[in-house]
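If you're wondering where the values come from, they're calculated on a predicted model, not measured in any experiment.
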Amino acid sequence: MNEPMNEHDESKLTRRGFLAGAALVGAGVVGAGALAACAPSTPSDSGGAGGGGGTGGDGGDPSGEAGAPSANTQSGWRVQPETPTDAADGGTYDVVVVGHGYAGVTSCRELSEQGFKVALLEVQPESSYAASGNESAALNSRVLDRVTAYNPVPHVDPVEYFDNWMTMIGNQGNPGLVMRYCQNMGDNIDWYYDSLTDEDFATITHTGWPNEGETWEHILPSIGPIKFWPGTFSAYSEECNQSKIQGYNRDKARAAGAEFFFETRGQQIVVEGGTIAGVIATDADDNFIRYNCKAVVVATGGFAYNEEMLNDLMPDIADNMTDDEVWKDAFGGERFPAPEGMQYMGDGIKMAHWAGAHLESLVAGMNSKHIQPPSGMTNLPQAVWVRADGRRFCNEFYPIVEQRGVPNVYMTREPIHCVFDDDFTTYRSYYVPQHGGAEPSEATIQTLRDGMDKAYQKFLGTWVEPEETGEEDPMAAMFAPPEYIADDTLEGLAGQLGLTGDAVTAFVEQIGRYNQYCTAGLDEEFGRYSETLFPVEKGPFYGVSGNPGFGEIMCTCGGIITDAEQNALDKDFNPIPGLYVSGNDCGRRYGIEYITPTPGVSLSMAITLGRECGKSVAKWLGA
């Protein structure tokens with residue numbers, strides 16, 4: 001999935017290139033209305049293994065009948081529609097891959113290059129196919145070595161990377177699956193990018209590591225027990241983006257014999273006599289087609305645009321929204337109603353569950369289970385955060401950005417004030433190479449200084465608005481740094497932040513205590529690590545406020561429980577022969593929330609484990 005960009009990553013892409021990568025790609029995508037119109041029924045042996053798989057942590061069907069719906073069915077989506085009996089014959093294959101994302105196309109290519117007959121089904125039209133995302137972690141790869149040849153990114157011990165990953169997710173992942181990612185990332189990333197030309201490489205950038213001619217003095221490789229590694233390969237340009245790179249992989253799969261069916265949406269997995277027998281899909285005209293096969297790889301990219309599934313499978317978000325909060329997209333806009341025919345509607349998870357696969361109790365999301373101030377695309381962990389009473393309330397620089405703003409979820413939705421002093425340009429250079437950070441490039445630091453100077457000039461009354469230069473660029477507005485306020489005194493800043501009465505006194509006292517913690521190197525209130533304690537003592541003083549509220553989500557990152565081979569498990573945690581799940585449909589990779597020891601692990605994991613899934617299926621077919 002698409003990684004939210006740093007404050008100045010907009011310089012790496014054009015408006016059209018970004019919108020292609022993050023587009024809603026609804027145009028031309030076929031609808032799923034045909035099956036929705038069918039009356040729900042108990043799954044039969046000819047259509048699926050039934051709803052007896054685990055449902056959000058339940059024990060499955062208490063009756064023990066394989067075809068009976070789960071006793072805990074909470075949402076209508078869990079009940080399989082009638083299986084159509086008039087589906088046209090789409091041919092016979094060894095494997096059908098459902099979904100052309102990173103995991104789907106790499107599974108397809110690996111299987112076809114091993115000599116298996118593969119069909120891949122994709123809802124988008126081929127002529128306008130758009131991949132989501134641009135950045136992939138590329139540790140230990142030759143392609144990353146090439147784009148950072150002037151200052152190579154150090155290689156990483158896969159076991160150390162694995163141990164750190166499991167620490168970050170509280171040991172809640174599938175250890176075999178995570179280790180498979182860590183051990184195979186470098187080789188599989190090189191394989192995925194093996195068609196790039198010299199012209200392509202000339203457009204490739206990287207994140208999390210200094211550009212040529214720059215030295216970042218304050219990279220933080222660890223905070224407390226948590227470690228971070230730079231190493232992100234970025235394809236943002238119009239000349240070479242991820243849609244083009246996926247096309248390279250599609251071409252290689254086709255050359256090896258794979259067949260691709262665009263504008264075709266997978267609807268149900270066919271199970272006959274307890275054996276995977278095919279996939280029912282609909283074409284652009286909503287005609288049913290049956291593709292016969294021995295194995296299915298589900299890789300449709302999650303359910304971020306299915307409101308019913310979000311409410312059902314992400315209760316830790318849905319149950320913590322206040323009355324005026326709604327599901328939002330990654331930029332704070334309302335997510336629903338979603339465009340008709342939208343992808344990321346949970347097709348793969350529904351299909352796998354109806355075929356008996358076990359659902360996760362809580363599904364991981366990207367950027368979804370915390371409230372991070374301010375409301376822009378980045379955050380200010382180097383600052384001090386206070387609420388309306390003028391007091392701190394958390395460790396502002398908690399190591400894992402996706403966990404940093406969790407305390408805000410359980411507090412009144414009031415403004416969160418980020419406060420810092422005139423040395424903030426130095427403090428901001430203390431950089432952790434992870435999701436949501438602002439790279440301490442010269443351009444980034446200068447833009448920060450410009451914003452602070454603007455705020456102080458406004459305070460002094462000397463600011464002059466520049467003349468408008470023409471048409472407003474929506475990309476610049478989307479990634480613009482926040483508007484700061486400034487004051488010569490803490491009391492004055494408190495007033496500008498809206499604090500009054502006792503809150504002003506509490507605020508000044510709080511900053512005084514915090515500065516003492518900085519001197520001592522020990523935060524006695526919230527345990528902020530000494531290497532991240534930056535005082536607020538040199539005027540002018542600055543602040544910025546924001547509270548985007550809860551419910552914002554970029555994508556979902558799980559759903560179906562598998563083993564380390566990405567073989568879907570049934571209600572009793574036994575493998576379902578022939579049913580495999582990869583990419584963002586595959587669970588137990590991130591715990592309960594996405595994490596980033598390196599920016600771009602979402603795409604990297606899908607690429608790496610997609611190919612590994614292909615190897616697993618090949619091994620099973622050849623057994």
Side-chain angles (χ1 to χ4, degrees), residues 3 5-14 17 21 102 106 131 133-158 160-161 164 181-222 227-249 252 429 431-435 437-445 596-608 611:
E3 298 280 3
M5 286 172 278
N6 301 331
E7 286 177 339
H8 296 280
D9 280 345
E10 66 268 25
S11 63
K12 302 176 183 176
L13 75 161
T14 65
Y102 299 90
T106 51
N134 303 282
E135 297 186 338
S136 59
L139 295 167
N140 300 346
S141 69
R142 295 187 301 275
V143 294
L144 183 64
D145 293 343
R146 177 172 177 176
V147 299
T148 61
Y150 57 87
N151 183 15
V153 174
H155 282 215
V156 178
D157 178 355
E160 183 182 11
Y161 201 80
N164 184 72
Y181 166 61
C182 297
Q183 294 282 11
N184 293 283
M185 183 194 333
D187 288 343
N188 287 358
I189 287 293
D190 284 329
W191 174 84
Y192 173 75
Y193 289 110
D194 64 2
S195 294
L196 267 64
T197 66
D198 290 343
E199 291 76 16
D200 292 332
F201 268 102
T203 72
I204 296 297
T205 58
H206 60 85
T207 58
W209 193 243
N211 294 314
E212 189 169 6
E214 289 193 357
T215 300
W216 298 350
E217 299 179 12
H218 303 300
I219 291 181
L220 294 174
S222 64
K227 303 173 185 177
F228 306 91
W229 290 270
T232 304
F233 192 86
S234 305
Y236 279 109
S237 71
E238 287 190 73
E239 293 78 15
C240 183
N241 53 36
Q242 288 292 352
S243 297
K244 179 179 182 180
I245 296 166
Q246 285 203 23
Y248 282 148
N249 283 270
K252 288 210 164 183
S429 67
Y431 170 70
V432 179
Q434 63 168 286
H435 201 202
E439 293 183 348
S441 66
E442 293 176 4
T444 299
I445 299 302
T596 50
T598 305
V601 292
S602 178
L603 268 62
S604 176
M605 184 168 264
I607 291 165
T608 300
R611 186 187 186 194

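- Taking the side chain as every heavy atom from C-beta outward, Cys240 and Ile245 approach each other to under 4.5 Å.
- Considering CE of Met605 and CE of Met185, their distance stands at 8.0 Å, rounded to 0.5 Å.
- When all heavy atoms of Pro154 and Trp209 are compared, the closest pair comes out as CD-CH2, 3.7 Å.
- Remark: Thr444 OG1 to Glu439 CD distance equals 6.5 Å, nearest 0.5 Å.
- Taken from CG in Asn188 to CG in Asn140, the straight-line distance is 12.0 Å, to the nearest 0.5 Å.
- Side-chain contact between Asn134 and Ser234 is absent, with no heavy atoms from C-beta onward closer than 4.5 Å.
- Side-chain contact, Tyr161 with Thr598: a donor N or O sits under 3.5 Å from an acceptor N or O.
- A perpendicular orientation is assigned to the rings of Tyr431 and Trp216, their planes being inclined by more than 60° (bins at 30° and 60°).
- The main-chain N or O of Leu144 is found under 3.5 Å from a side-chain atom of Ser141 such that the two form a donor-acceptor pair.
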TODO: Go through the steps for Asp198 and Arg146 under the test salt bridge (charged side-chain N to carboxylate O under 4.0 Å, His left out), then give the verdict.
DONE: CA-CA 11 Å; Asp198 290 343; Arg146 177 172 177 176; 2.8 Å; yes
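- For the residue pair Pro210 and Tyr150, the shortest heavy atom distance occurs at O-OH, 2.9 Å.
- A donor-acceptor pair shorter than 3.5 Å can be found between the side chains of Asp200 and Thr197.
- Side chain of Lys227 to backbone of Pro597: no donor-acceptor contact under 3.5 angstrom is found.
- Inspection of the Thr608 and Tyr192 side chains reveals no N or O donor paired with an N or O acceptor under 3.5 Å.
- For Ala606 against Thr106, the heavy-atom pair with the smallest separation is O-OG1, 3.9 Å.
- His218 places none of its side-chain heavy atoms less than 4.5 Å from the side chain of Pro440.
- In terms of modelled atom types and a separation under 3.5 Å, the side chain of Asp145 and the main chain of Pro152 share no donor-acceptor contact.
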- [ ] Apply the test side chain to side chain donor-acceptor pair (under 3.5 Å) to residues Tyr181 and Ser604: give CA-CA distance (whole Å), side-chain angles for both, the deciding distance (0.1 Å), then the verdict.
- [x] CA-CA 9 Å; Tyr181 166 61; Ser604 176; 3.0 Å; yes
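- Annotation: the span from Tyr248 atom OH to Leu196 atom CG amounts to 6.0 Å, rounded to 0.5 Å.
- Across Leu603 and Ser136, no two heavy atoms sit closer than the pair CB-CB, 3.9 Å.
- Taken from CG in Asp194 to CD1 in Ile189, the straight-line distance is 11.5 Å, to the nearest 0.5 Å.
- Although no hydrogens or angles enter the test, the distance criterion places a donor-acceptor pair under 3.5 Å between the side chain of Asp190 and the main chain of Arg142.
- Shown here for Ser441 and Glu214, the closest heavy-atom pair between the two residues is CA-OE1, 3.5 Å.
- Rounding to the nearest 0.5 angstrom, the gap separating the CD atom in Glu442 from the OG atom in Ser429 is 12.0 Å.
- Shortest non-hydrogen contact noted between Asn164 and Trp229 is ND2-CZ3, 3.5 Å.
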Open item on the list: Please determine whether side chain to side chain contact (heavy atoms under 4.5 Å, CB included) holds for the pair Asn249 and Gln246, giving the CA-CA distance in whole Å, both sets of side-chain angles, and the decisive distance to 0.1 Å.
Closed with: CA-CA 5 Å; Asn249 283 270; Gln246 285 203 23; 5.6 Å; no
